[in-house]
Amino acid sequence: MTPPSPRVYELRGPDAPAALDWLHVHADVQGALEGDDALTVWLAAAMPALPFDGVAARELAADPHAAAITGLEADRPILVAADLLVRPPWVERPADFRGVELVVPRGGAFGSGEHGSTQAALRCLHALWDAPPTFADVGTGSGILALYAHVRGCRAIAACDIEAASVAATRELLPDADVRLGGAEALPAVHGMVANMTGDELRAAMPAMLARWRRSHALVLSGLRAHEVDGVAAMVAAPVAHRTTVGDFTSVGYRGGAR
């Protein structure tokens, strides 16, 4: 039996990249292509309602001659910093790259390197990395930030997410990590920590996060819009050591007591 043709949708607006990340978790994404001012996404079924105000979605007529398009053709390495690269496994590492390389499958869960909040988190974490003996990733998504800690040598990694698909993706990416379904309250105490979430989510999770951060190594918070930065940063009661903005998203980082 011939499988049904995928449904094709066009996403426009400032929240289109975030909507695509959300669809990777909540729908069966068959492929995606990025244009100059729009994203085209192929889904196995009808698109669910998107929880974003800044995106307009419309269904396009499916082209039967484009059925072989996978959405992987335009994938490329993402140079997050001069010495920090993210790529999916089907894209080759640039021959001249020297530095930290993260290989993350795109799809399956939020946060495989394309989104501004993920890149901001990675840049901040990269700038402040101080080799914590234990590390936690709160709201792990695809596990890319936990993977960074693993690649940099940390072997005691915990992570959590309230989405079962994200927990499954991170467990597949990092089989030896302690990945738990739930919020920061589900985590053990750790030396270093990162969280890439919305401002509201960070505010809600902050008491549990601070209770589990030993303050001996770096803490990185990302996913903040400009108007959210000061309010969330003030909850840590420590000086901001590093700040990075990518697109509409800002990350702030704090040094722990270790030097």
Side-chain angles (χ1 to χ4, degrees), residues 21 77-87 97-104 109-161 166 169-170 173-174 177-179 184 187 190-199 201-202 205-206 209-210 212-224 228-229 232-233 235-236 238-259:
D21 283 328
I78 300 171
L79 194 64
V80 178
D83 57 347
L84 176 58
L85 180 82
V86 179
R87 66 175 178 86
F97 177 75
R98 301 292 183 270
V100 178
E101 179 184 24
L102 306 179
V103 180
V104 184
F110 176 90
S112 47
E114 298 94 340
H115 199 262
S117 66
T118 307
Q119 293 188 28
L122 282 170
R123 289 184 186 180
C124 197
L125 189 59
H126 193 51
L128 295 178
W129 184 254
D130 52 6
T134 62
F135 182 85
D137 179 6
V138 182
T140 187
S142 67
I144 186 172
L145 301 176
L147 177 65
Y148 177 91
H150 173 77
V151 170
R152 294 302 304 269
C154 184
R155 291 297 174 261
I157 298 171
C160 67
D161 203 288
S166 294
T170 301
L173 187 67
L174 295 168
D178 178 7
V179 187
L187 293 173
V190 293
H191 296 85
M193 181 179 286
V194 66
N196 178 26
M197 302 187 290
T198 68
E201 290 170 339
L202 285 171
M206 194 68 69
M209 289 169 53
L210 294 178
R212 285 150 183 81
W213 177 44
R214 295 181 183 274
R215 293 182 177 264
S216 62
H217 292 70
L219 168 69
V220 170
L221 308 173
S222 190
L224 297 165
E228 300 171 323
V229 173
V232 171
M235 297 180 72
V236 182
V240 173
H242 190 83
R243 176 171 174 158
T244 300
T245 299
V246 179
D248 295 329
F249 298 94
T250 294
S251 66
V252 290
Y254 305 84
R255 296 189 189 277
R259 293 291 185 269

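Every value quoted in this text rests on a predicted model; they were computed, and no experiment measured them. When reading the values below, keep in mind they use all heavy atoms of this one structure, side chains included, and skip hydrogens, waters and symmetry mates.
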Between the side chain of [X] and the main-chain N/O of [Y], is any donor-acceptor distance below 3.5 Å?
{"X": "T134", "Y": "A156", "answer": "no"}
{"X": "Y254", "Y": "L221", "answer": "no"}
{"X": "R214", "Y": "G192", "answer": "no"}
{"X": "D137", "Y": "A159", "answer": "no"}
{"X": "T170", "Y": "G141", "answer": "yes"}
{"X": "R152", "Y": "A131", "answer": "no"}

Separation between [atom1] of [X] and [atom2] of [Y], rounded to the nearest 0.5 Å:
{"X": "M197", "Y": "M209", "atom1": "CE", "atom2": "CE", "answer": "5.5 Å"}
{"X": "S166", "Y": "L173", "atom1": "OG", "atom2": "CG", "answer": "12.0 Å"}
{"X": "R98", "Y": "E101", "atom1": "CZ", "atom2": "CD", "answer": "11.0 Å"}
{"X": "E228", "Y": "T198", "atom1": "CD", "atom2": "OG1", "answer": "7.0 Å"}
{"X": "L210", "Y": "M193", "atom1": "CG", "atom2": "CE", "answer": "8.0 Å"}

Nearest atoms (heavy-atom pairs only) where [X] meets [Y]:
{"X": "Y148", "Y": "L102", "answer": "CA-CD2, 3.8 Å"}
{"X": "A121", "Y": "V220", "answer": "O-CG1, 4.0 Å"}
{"X": "A218", "Y": "L128", "answer": "CB-O, 3.8 Å"}
{"X": "L174", "Y": "G143", "answer": "CD1-O, 4.2 Å"}
{"X": "S117", "Y": "G223", "answer": "CB-CA, 3.8 Å"}
{"X": "A136", "Y": "L187", "answer": "CB-CD1, 4.0 Å"}

Flag side-chain contact, heavy atom, 4.5 Å: [X] against [Y]:
{"X": "L122", "Y": "H126", "result": "no"}
{"X": "R243", "Y": "V229", "result": "yes"}
{"X": "R155", "Y": "H150", "result": "yes"}
{"X": "Q119", "Y": "I78", "result": "yes"}

- Message: Using side-chain contact (heavy atoms from CB on, under 4.5 Å), reason through H242 and V252 one step at a time and then give a plain yes or no.
- Response: CA-CA 6 Å; H242 190 83; V252 290; over 6 Å; no
- Message: Go through it in stages, so that I can follow the logic: the residues are N196 and F249, the test is side-chain contact (heavy atoms from CB on, under 4.5 Å), and I'd like the CA-CA distance, side-chain angles, deciding distance and then a yes or no.
- Response: CA-CA 10 Å; N196 178 26; F249 298 94; over 6 Å; no
- Run the ring-centre check on F135 versus H217 and record whether the distance is less than 6.0 Å. no
